[in-house]
Amino acid sequence: MRPLLSTVIVNSDGCADTLRCLESLFAHPPDLATLARLVDALPEHEIILVDNRSRDGCVAQVRERFPSVKIIESPTRQGFSRNYNLGIRQTSGVFVLVLNNDTLVHPGALTALLNAMIETPSYGMAGPRMIGRDGWVQAVCARPVLTPREYLLTQSIADPGFPIGRLWLLYQQMRVARRRSGPAPCISGACMLVRRTAFEQTGLFDEAVDFYYEDIEWCHRMACYGWQVGYVAEATITHIGDQSISKVKVWAKQSEYFSALRYFRRYHHLTDQDARVLRIVTSSGWLMRGITFLLAEGLFGYKGHARAYLYLWKWILSDPSADGTQAQRKQ
């Protein structure tokens, strides 16, 4: 018999968030005794922390405060998908919870998620209703699977950094806030409860698709294998959001861009010509953001990311590999 639940968390120099996340997990455990009987599992919850070569001393603090947590140290500094796969391979639970370290588990959330998976055998994975620090529902917790056309739209006019983009995001948030539980095309990688039999069939995160697209690709792949993706409105998780993203804007955006190219090539038959169009639109979007931040910084003293976006604009135009064709041929 397997444990009912395994949870995998990754720490990458975010010790304060990680400790708060673990505190919430231990404060609000699922109803193990009742749920385990329904699937003939052990009423146990194993928690695995993968430390991404952090320099914040988190490993020692976790060992002291949460001795039952199993710690795995990454062999090298690596991306989201590789770290979570490293942890998932060490799990033994019937269900595996992929959880960002910048989340807080609410009372009853894990019980509701597990109940939904047990009651709906067609679910390969399920995600909760996620709210931000401000209490607003986050639109990514139940969303359509992104298409190249939608990507171009977000890169051009629907970015949240622009007024029309903020209005579009507000509309999406309001729509998800009214949404009931049920199948959804895509959930957020910040919190995904995955059935072991499903990922044993479909595989784990695609390690070449990282940062913003790893969850979209996995949800899409689940559907390709006949599994449904579930949204559980009765389960609530607070997703604070990675406060360190602003410090790594360049590598984050580069990773997002390459992951988008790989995803669209695989599932939307993106040609080299299409990839060049995406490159042009992405570069234009980054230029507009850079100019907007530059004006805001100059006129109002607003601290933005003009330098990062202007650097990205120059990079994507000057790097011959930025259209993804060379990387694609190597694969």
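These numbers were taken from a predicted model, which means no experiment stands behind them.
Panel note: side chain Arg143, backbone Val140; a donor-acceptor pair is recorded below 3.5 Å. A donor-acceptor contact shorter than 3.5 Å links the side chain of Arg221 to the backbone of Leu204. Although no hydrogens or angles enter the test, the distance criterion places a donor-acceptor pair under 3.5 Å between the side chain of Ser81 and the main chain of Val209. Not a single donor-acceptor pair under 3.5 Å links the side chain of Ser255 to the backbone N or O of Trp251. Under a 3.5 Å cut-off, the side chain of Trp218 and the backbone N or O of Thr202 do not form any donor-acceptor pair. Judged by distance alone, with hydrogens and angles left aside, the side-chain atoms of Asp56 form a donor-acceptor pair with the main-chain N or O of Gly14 at under 3.5 Å. Not a single donor-acceptor pair under 3.5 Å links the side chain of Ser24 to the backbone N or O of Leu104. Remark: side-chain polar atoms of Arg65 are not paired, donor with acceptor, to backbone N or O of Gln61 under 3.5 angstrom. Asp274 places a side-chain N or O within donor-acceptor distance of the main-chain N or O of Thr271, the cut-off being under 3.5 Å.
Using a 3.5 Å distance cut-off with no hydrogens or angles, the side chains of Thr103 and Asn100 do not pair a donor with an acceptor. A side-chain donor from one of Ser6 and Glu46 sits under 3.5 Å from a side-chain acceptor of the other. Judged by distance alone, the side chains of Glu214 and Tyr84 never bring a donor and an acceptor atom under 3.5 Å apart. No side-chain N or O of Gln78 forms a donor-acceptor pair with one of Asn52 less than 3.5 Å apart. Remark: the His45 side chain and the Thr7 side chain contain an N/O donor-acceptor pair separated by less than 3.5 Å. Between Thr91 and Arg196, the side chains place a donor N or O and an acceptor N or O closer than 3.5 Å (distance only, hydrogens not considered).
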Listed pairs under 3.5 Å, donor-acceptor, residues 172-183 side chains, sequence neighbours left out:
{"residue": "Gln173", "atom": "NE2", "partner": "Val137", "partner atom": "O", "Å": "3.4"}
{"residue": "Arg179", "atom": "NH2", "partner": "Pro183", "partner atom": "O", "Å": "2.8"}
{"residue": "Ser181", "atom": "OG", "partner": "Ala233", "partner atom": "N", "Å": "2.8"}
{"residue": "Ser181", "atom": "OG", "partner": "Glu234", "partner atom": "OE1", "Å": "2.5"}
{"residue": "Ser181", "atom": "OG", "partner": "Glu234", "partner atom": "OE2", "Å": "3.2"}

Under 3.5 Å, which donor-acceptor pairs link side chains of residues 118-130 to any protein atom two or more places apart or in another chain?
{"residue": "Thr120", "atom": "OG1", "partner": "Ala116", "partner atom": "O", "Å": "3.2"}
{"residue": "Ser122", "atom": "OG", "partner": "Gln228", "partner atom": "OE1", "Å": "2.7"}

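For the pair Ser74 and Val50, the minimum side-chain heavy-atom distance is below 4.5 Å. Counting heavy atoms from C-beta on, the side chains of Cys191 and Leu97 come closer than 4.5 Å. Annotation: side chain of Ile187 is in contact with side chain of Met192 (closest heavy-atom distance under 4.5 Å). When side chains are defined from C-beta on, Arg262 does not count as touching Tyr213, because their heavy atoms never get closer than 4.5 Å. At least one side-chain heavy atom of Leu19 sits under 4.5 Å from a side-chain heavy atom of Phe66. Side-chain contact between Leu5 and Leu193 is present, with at least one heavy-atom pair separated by less than 4.5 Å.
A salt bridge does not link Arg2 with Asp40: none of the charged nitrogens is closer than 4.0 Å to a carboxylate oxygen. A salt bridge links Asp13 to Arg77: at least one charged side-chain nitrogen sits closer than 4.0 Å to a carboxylate oxygen. Checked for salt-bridge contact, Asp102 and Arg20 miss the test: no charged N lies under 4.0 Å from a carboxylate O. Ion pairing between Arg37 and Asp31 fails under the 4.0 Å rule for side-chain N and carboxylate O. Using a cut-off of 4.0 Å between Lys/Arg side-chain N and Asp/Glu carboxylate O, Arg266 and Glu217 are scored as salt-bridged.
Side-chain heavy atoms closer than 4.5 Å link hydrophobic residues (I, L, V, M, F, W, Y) into clusters, and following such links, even through other members, never connects Ile88 to Ile9. A single hydrophobic cluster is seen to contain both Val194 and Phe80, as judged by linkage of ILVMFWY side chains at heavy-atom distances under 4.5 Å, directly or through other members.
Nearest heavy atom pair, residue Gly87 against residue Ile72, reads CA-CD1, 4.4 Å. Taking all atoms of both residues into account, the shortest heavy-atom contact from Ile131 to His106 is CD1-CE1, 3.9 Å. Summarising the geometry of Leu146 relative to Tyr263, their closest heavy-atom pair is O-CE2, 3.5 Å, with the distance given to 0.1 Å.
Every side-chain hydrogen bond (donor to acceptor under 3.5 Å, both in side chains) that Thr18 has, sequence neighbours left out, goes to Asn11, Asn101.
We find the CG-NE2 distance between Leu310 and His305 to be 12.5 Å, quoted to the nearest 0.5 Å.
Ring pair Phe264/His269: centre-to-centre distance not below 6.0 Å.
By the 30° and 60° cut-offs, the orientation of the rings of Trp315 relative to Tyr257 is perpendicular.
Counting heavy atoms of neighbouring residues, nucleotides and ligands inside a 6.0 Å radius, atom OH of Tyr311 does not exceed 12 of them.
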